[in-house]
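Bear in mind that the values here come from a model prediction, so they are computed numbers and not experimental data.
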Amino acid sequence: MHTKKPILYYSSKDIKELINDHTFTLPKIRWALEERMGLKNSKYSNPYETYEITATFATDTDVVDTKMKTSIYYTITASSVFDVTEIIELFKIDEILKMEKKEIKLHGKSKFW
């Protein structure tokens with residue numbers, strides 16, 4: 001089973017934990033997110049849902065656990081990572097529209113097109 005989410009929320013600390021490399025400092029991660037990817041943080045500490053995926057090799061499936069956290073986070077949309085063709089292949093139209101609506105709210109425009 002593969003879990004696909006068109007919108008993810010991660011703090012810079014969450015991303016540092018995912019990378020698991022001490023050479024990536026929080027300021028470097030924030031710089032990459034903001035300057036290279038054009039993302040904005042939530043400005044204030046807010047609750048958000050994160051996902052932890054654990055591979056189960058015995059059954060060849062992934063177990064996805066959700067967890068609520070509170071922090072200043074970045075909203076990462078599929079448009080920040082994939083091109084239009086990949087997004088259309090990966091997500092349903094209602095998921096794409098929800099993602100686009102979130103991008104317009106955050107950036108004043110859709111990053112999808």
Side-chain angles (χ1 to χ4, degrees):
M1 175 182 86
H2 296 281
T3 302
K4 299 176 277 188
K5 298 280 185 180
I7 304 169
L8 298 173
Y9 304 96
Y10 283 104
S11 70
S12 51
K13 185 177 176 189
D14 294 335
I15 293 171
K16 182 173 176 46
E17 290 171 7
L18 286 171
I19 296 170
N20 195 22
D21 182 339
H22 73 280
T23 60
F24 286 93
T25 63
L26 291 175
K28 282 182 185 178
I29 292 168
R30 284 187 207 106
W31 176 85
L33 293 169
E34 294 171 12
E35 300 300 322
R36 301 294 289 170
M37 294 179 71
L39 302 177
K40 298 177 184 175
N41 65 30
S42 60
K43 301 285 184 222
Y44 302 102
S45 187
N46 292 302
Y48 64 102
E49 186 175 58
T50 63
Y51 307 94
E52 185 175 304
I53 301 171
T54 308
T56 308
F57 297 106
T59 59
D60 195 31
T61 60
D62 294 335
V63 176
V64 179
D65 293 315
T66 59
K67 181 178 177 181
M68 291 303 294
K69 290 185 173 183
T70 300
S71 184
I72 295 173
Y73 60 83
Y74 292 87
T75 302
I76 304 170
T77 61
S79 298
S80 303
V81 182
F82 302 110
D83 66 28
V84 173
T85 306
E86 292 170 315
I87 292 170
I88 291 170
E89 290 174 4
L90 290 170
F91 301 103
K92 297 175 186 171
I93 198 74
D94 61 322
E95 293 173 316
I96 294 170
L97 293 172
K98 182 179 177 183
M99 175 192 70
E100 197 171 30
K101 185 176 180 181
K102 179 61 103 174
E103 290 175 342
I104 290 168
K105 182 178 178 184
L106 289 171
H107 306 289
K109 64 179 181 176
S110 170
K111 296 174 93 178
F112 178 65
W113 302 107

| field | Pairing residues for Ile104 by the side-chain contact (heavy atoms from CB on, under 4.5 Å) criterion, not counting sequence neighbours | value | Glu100, Ser110

| field | Test item: Lys111 side-chain N/O and Glu103 main-chain N/O as donor-acceptor pair under 3.5 Å | value | no

| Going hydrophobic residue to hydrophobic residue with side-chain gaps under 4.5 angstrom, can you get from Leu106 over to Leu39? | no

| request: Looking only at non-hydrogen atoms, find the nearest pair between Ser11 and Ser71 and report the distance. | output: CB-OG, 3.7 Å

| remark: Lys67 meets the side-chain contact (heavy atoms from CB on, under 4.5 Å) criterion, sequence neighbours left out, with Thr50, Lys69

| request: Give me the one residue out of Leu8, Ile72, Thr75, Asp14 that meets side-chain contact (heavy atoms from CB on, under 4.5 Å) with Tyr48. | output: Asp14

| Interatomic distance, Ser79 atom OG to Glu86 atom CD [nearest 0.5 angstrom] | 11.0 Å

| request: Give a yes or no on whether the backbone of Met68 and the side-chain of Glu49 come within a donor-acceptor separation of less than 3.5 Å. | output: no

| query | If two hydrophobic side chains count as joined below 4.5 Å and joins carry through other members, does Tyr51 share a cluster with Tyr74? | reply | yes

| said: Between Ile29 and Leu18, is there shared hydrophobic-cluster membership here, with clusters defined by ILVMFWY side-chain heavy atoms closer than 4.5 Å? | reply: yes

| said: Test your reading of the model: is there a side-chain donor-acceptor pair from Asn46 to the backbone of Tyr44, 3.5 Å cut-off? | reply: yes

| request: Return the minimal non-hydrogen interatomic distance between Phe91 and Ala78, and the atom names on each side. | output: CE1-CB, 3.6 Å

| Spatial distance of atom CZ (Arg30) from atom CD1 (Ile15) [nearest 0.5 Å] | 10.5 Å

| task | Check whether Leu90 and Ile88 end up in the same hydrophobic cluster, where Ile, Leu, Val, Met, Phe, Trp and Tyr are linked by side-chain heavy atoms less than 4.5 Å apart. | result | yes

| Shared hydrophobic cluster for Val84 and Phe82 (ILVMFWY, side-chain gaps under 4.5 Å) | yes

| Which residues satisfy the side chain to side chain donor-acceptor pair (under 3.5 Å) test with Glu95, sequence neighbours excluded? | none

| With sequence neighbours excluded, residues passing ring pair (Phe, Tyr, Trp, His ring centres under 6.0 Å) with Tyr10 | none

| request: First locate atom CG of Leu26, then atom NZ of Lys13, and finally report the distance between them rounded to the nearest 0.5 Å. | output: 8.5 Å

| Separation between NZ of Lys4 and CD1 of Ile87, rounded to the nearest 0.5 Å | 12.5 Å

| note | With sequence neighbours left out, the residues meeting ring pair (Phe, Tyr, Trp, His ring centres under 6.0 Å) with Tyr9 are Tyr73

| message | Enumerate the salt bridge (Lys or Arg N to Asp or Glu O under 4.0 Å) contacts for residues 34-46, please, sequence neighbours excluded, ordered by first and then second residue. | response | none

| Between atom OG1 of Thr77 and atom CE of Met37, what is the distance when rounded to the nearest 0.5 Å? | 8.0 Å

| Heavy-atom closest contact (Thr23 atom, Lys28 atom, distance) | O-NZ, 3.3 Å

